[in-house]
Amino acid sequence: MRALLAILPLLLVASAAEAELRGHGGPVRALAIAGDGGLAVSGSFDSRAIVWDLAKGAAARVLRLHDGSVNAVAFLADGRIVTGGEDGRIALWPHNGGEPERVEAAHTSQIVGFALSSDGTRLASASWDGTARIAPLAGGEARVLTGHLGQVNAVAFAPDGAIVTAGYDATLRIWPEDGGPARIVQTGSPLNALAIAPDGEIVVGAADGHVRVLTPGGEIRAEIEIQRLPVIALALSPDGERIAAASIRGSVSVIDRASGTVDFVLVGPGLPVWSVAFDPDGRTLLTGGGDAVVRRWDARTGEHIGPVMMGGGADPLARFTGSRGAEVFRACAACHTLSEDEGERAGPTLAGIFGRRIGTAEGYDFSPALREMDIVWTPQTVAELFEFGPTAYTPGSKMPEQRIPSEADRRALVEFLEEVTR
């Protein structure tokens, strides 16, 4: 009995360390892990960032500031945390708690990605206002990169000091450190995610379901098809040998960068995986998903660490098996429910959507831009939303950029919503 009592605390610690991280009220949009591997920070559509004690498997702090989703997070070398949000603001938080040391209105639209320079002195931010911004962390004038035709979805520093940006305009742009003009690389598909390996190779995730590996100069070396659905998040292992590529369908492919082959695929609840991060030793991978959960995986084997708790119970779309419209809607289920009984998620419920004016669903905090629009949701306007995308059709909305290129899929989605949201 005494031996059992001695072992029990160890078992409890192991269980906590393996637990899924739950606490957000919406999809987990961003993840970062501290340099010593002890803490992680996640940003969510619920407008909060949570600092996690990974050994305890519990929240250590909740950071509340941003108006709208927290889409970008980073740890500085000294333990401070940076968050960026839908409100275009960047906040610098002290490592030991308290209010932000500094809050800056950095962009005119939402911030969707961060990168730190190798020496830790500069922070780069990517924004849907069409720019990337490189600012000294100690304060001072920022460099603003303009030229993308539309939103900039990711930014990274190359080993030689160049800045690389990835845009929805299907271009990768390599900006010299000395301020010269950017080299523009046409990739053939809108780019959602970006990472750079220690040897300078560039990895991008695209809306056509491909991961592309480019040389430091921008020549495409390899193309790996993950799914025929958008790749929405990327991470590289610290040694740069493995790529974790997450899809809007919810799987994460772990790819050997040198060969361009998929080693294994992580499969969760089937909702979009918006964020991925390797820990500093490359052994563990964190994923943040549409179900508001941060999960841990063995990055060497692909095994889930700890029990898999889907949290949502039975598949809410199971009764629509065989419906093409229901399958198309799965990408929407992360943010929207279909009935009033289910309430809101990151977006308003779609119950009773047809015939309703945009921005008027009761109880939901819509952006001012939506409340001022004169759109009534009909089968035609819903189809147009996904034909042209939220950025073009409802500018200023909180909705992540999604398009459905297939007219048949748009029609199937509309018919499904007409049936289930009455």
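Each residue takes its place number in the sequence, starting with 1.
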> Quick one: pull up CE in M373 and CZ in F366 and give me the separation to the nearest 0.5 Å.
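Answer for the CE-CZ pair, M373 versus F366, is 11.5 Å.
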> Would you check if there is a donor-acceptor pair between the side chains of S127 and S109 at a distance under 3.5 Å?
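There is no such pair (donor and acceptor under 3.5 Å, judged by atom type) between the side chains of S109 and S127.
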> Salt bridge or not for E177 and R122, using N-O below 4.0 Å?
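Result for this pair is yes, salt bridge flagged.
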> Taking the basic N atoms (NZ, or NE/NH1/NH2) and the acidic carboxylate oxygens, is any pair closer than 4.0 Å for R221 and E201?
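Answer for the salt bridge query: yes.
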> Could you walk me through whether L123 and V82 pass the side-chain contact (heavy atoms from CB on, under 4.5 Å) check?
CA-CA 9 Å; L123 177 75; V82 186; 3.7 Å; yes
> Identify whether the distance between the nearest side-chain nitrogen and carboxylate oxygen of D208 and R228 falls below 4.0 Å.
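Looking at D208 and R228, the cut-off is not met.
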> Do R183 and E219 sit within salt-bridge range, that is, some charged N less than 4.0 Å from a carboxylate O?
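A salt bridge is present here (some side-chain N lies under 4.0 Å from a carboxylate O).
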> Is a side-chain donor-acceptor pair under 3.5 Å present for R249 with S251?
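R249 and S251 do not have a side-chain donor-acceptor pair below 3.5 Å.
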> Over 60° means perpendicular and under 30° means parallel, so classify the ring planes of F329 and F416, tilted if in between.
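F416 and F329: tilted rings.
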> Pairing donors with acceptors under 3.5 angstrom, does anything connect the side chains of H107 and T131?
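T131 and H107 do have a side-chain donor-acceptor pair below 3.5 Å.
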> Could you give the distance from OH (Y393) to CD1 (I375), rounded to the nearest 0.5 Å?
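If I round to the nearest 0.5 Å, the distance is 5.0 Å.
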> If you take all heavy atoms of P159 and P198, which pair is closest and at what distance?
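Minimum heavy-atom contact is CG-O, 3.4 Å.
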> Without swapping roles, check the side chain of R411 against the backbone of G325 for a donor-acceptor pair under 3.5 Å.
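Not at all, since once roles are kept as given, no pair shorter than 3.5 Å links the two residues.
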> Locate the shortest heavy-atom distance separating A206 from S189; write the atom from each residue and the value.
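Taking every non-hydrogen atom into account, CB-OG, 3.8 Å.
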> Please report the C-alpha distance between V204 and H210 in whole Å, then the side-chain angles of each, then the deciding distance to 0.1 Å, and finally whether the side-chain contact (heavy atoms from CB on, under 4.5 Å) criterion is met.
CA-CA 8 Å; V204 292; H210 285 76; over 6 Å; no
> So does R324 pair up with D409, basic N to acidic O under 4.0 Å?
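Looking at D409 together with R324, the answer is yes, because their closest N to O distance falls below 4.0 Å.
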> Side chain to side chain donor-acceptor pair (under 3.5 Å) between T391 and W128: does it pass, once the steps are laid out?
CA-CA 9 Å; T391 300; W128 282 13; over 6 Å; no
> Under the 3.5 angstrom rule, does the side chain of N153 hit a backbone N or O of L191 as a donor-acceptor pair?
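Side chain of N153 to backbone of L191, a donor-acceptor pair under 3.5 Å: yes, one is there.
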> To the nearest 0.5 Å, what is the distance between CZ (R296) and CH2 (W52)?
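Rounded to the nearest 0.5 Å, the CZ-CH2 separation comes to 9.5 Å.
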> Should N71 and Q110 be marked as a side chain to side chain donor-acceptor pair (under 3.5 Å) after you check the CA-CA gap, both sets of side-chain angles, and the distance that decides it?
CA-CA 8 Å; N71 301 323; Q110 58 182 310; 2.8 Å; yes
> Here's a test for you: under side chain to side chain contact (heavy atoms under 4.5 Å, CB included), which of I220, I243, I202 qualifies with V213?
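Result for side chain to side chain contact (heavy atoms under 4.5 Å, CB included) with V213: I243.
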> Inspect the contact between R133 and D129 and indicate whether a charged nitrogen and a carboxylate oxygen are less than 4.0 angstrom apart.
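R133 and D129: not salt-bridged.
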> With side-chain contact (heavy atoms from CB on, under 4.5 Å) as the test, would you mind laying out the steps for L116 and L137 before giving the verdict?
CA-CA 10 Å; L116 284 168; L137 284 164; 4.0 Å; yes
> Considering the options N192, V211, L194, I255, which one meets the side chain to side chain contact (heavy atoms under 4.5 Å, CB included) requirement together with L234?
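Among the candidates, only V211 passes.
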> Between D239 and R257, does any NZ, NE, NH1 or NH2 come within less than 4.0 Å of an OD or OE carboxylate oxygen?
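Salt bridge between R257 and D239, a charged N being under 4.0 Å from a carboxylate O: no.
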> Is the shortest heavy-atom distance from the side chain of V41 to the side chain of F75 under 4.5 Å?
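Yes, their side chains come closer than 4.5 Å.
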> As an exercise, state the distance from OG1 of T381 to CD1 of I353, rounded to the nearest 0.5 Å.
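It is 7.5 Å, given to the nearest 0.5 Å.
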> Is the closest side-chain heavy-atom distance between S125 and I90 below 4.5 Å?
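S125 reaches I90 side chain to side chain.
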> Measure across A32 and A74 and return the closest heavy-atom pair with its distance rounded to 0.1 Å.
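So the two residues come closest at CB-CA, 4.0 Å.
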> Is there a donor-acceptor pair under 3.5 Å between the side chain of T349 and the backbone N or O of S339?
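Looks like yes, one N/O pair under 3.5 Å.
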> What are the two closest heavy atoms between I174 and A162, and how far apart are they?
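Distance-wise, the nearest heavy atoms are CG2-CB, 4.2 Å.
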> Would you compute the distance between atom CG of L54 and atom CG of D279 and round it to the nearest 0.5 angstrom?
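Those atoms lie 8.5 Å apart.
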> To check you understand the geometry: which heavy-atom pair defines the closest contact between P395 and A369, and what is its length?
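Smallest interatomic distance, heavy atoms only, reads O-CB, 3.6 Å.
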> Test your reading of the model: is there a side-chain donor-acceptor pair from R48 to the backbone of G23, 3.5 Å cut-off?
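At least one qualifying donor-acceptor pair exists.
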> With no hydrogens and no angle check, is any side-chain donor or acceptor of T171 less than 3.5 Å from a backbone partner on R173?
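A pair under 3.5 Å: no.
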> Can we say E101 and R80 salt-bridge, meaning some charged N sits less than 4.0 Å from an Asp/Glu carboxylate O?
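Counted as a salt bridge, because a side-chain N and a carboxylate O are separated by less than 4.0 Å.
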> Looking only at non-hydrogen atoms, find the nearest pair between F354 and P379 and report the distance.
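Nearest pair, atom of F354 first, then P379: CE2-N, 3.5 Å.
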> So H304 and W297, would you call those rings parallel, tilted or perpendicular, with 30° and 60° as cut-offs?
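The rings of H304 and W297 stand perpendicular, inter-plane angle above 60°.
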> Please determine whether side chain to side chain donor-acceptor pair (under 3.5 Å) holds for the pair S259 and T261, giving the CA-CA distance in whole Å, both sets of side-chain angles, and the decisive distance to 0.1 Å.
CA-CA 5 Å; S259 65; T261 57; 2.7 Å; yes
> Is the shortest side-chain heavy-atom distance between L285 and L266 below 4.5 Å?
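They are in side-chain contact.
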> Does V265 offer a backbone N or O that forms a donor-acceptor pair with the side chain of S253 under 3.5 Å?
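Between the backbone of V265 and the side chain of S253 there is no qualifying donor-acceptor contact (under 3.5 Å).
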> Please check this pair: side chain of R410 against backbone of I404, looking for a donor-acceptor N/O pair closer than 3.5 Å.
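Yes, R410 side chain to I404 backbone: donor-acceptor pair under 3.5 Å.
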> When rounded to the nearest 0.5 angstrom, what is the spacing between CG in D374 and CD1 in I358?
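Answer rounded to 0.5 Å: 10.0 Å.
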> Should we say atom CZ of R283 is surrounded by more than 12 heavy atoms from elsewhere, each under 6.0 Å from it?
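At most 12 heavy atoms, drawn from other residues, nucleotides or ligands, come within 6.0 Å of this atom.
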> Would you say the side-chain atoms of T284 pair up with the backbone N or O of D298, donor to acceptor, closer than 3.5 Å?
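No, T284 side chain to D298 backbone: no donor-acceptor pair under 3.5 Å.
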> Evaluate L92 against L76 for side-chain contact (heavy atoms from CB on, under 4.5 Å), listing each step before the verdict.
CA-CA 10 Å; L92 178 62; L76 304 186; 3.7 Å; yes
> Checking the side chain of H24 only, and the main-chain atoms of V293 only, is there a donor and an acceptor separated by less than 3.5 Å?
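Looks like no, no N/O pair under 3.5 Å.
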> Hey, is R212 close enough to E223 for a salt bridge, meaning N to O under 4.0 Å?
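A salt bridge links R212 with E223.
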> Kindly assign one of parallel, tilted or perpendicular to the pair H148 and W175, based on the angle between their ring planes and the thresholds 30° and 60°.
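Tilted.
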> Under 3.5 Å, side chain of D53 to main-chain N/O of G57, donor-acceptor pair present?
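Checking the backbone N and O of G57 against the side chain of D53, no donor-acceptor pair under 3.5 Å is found.
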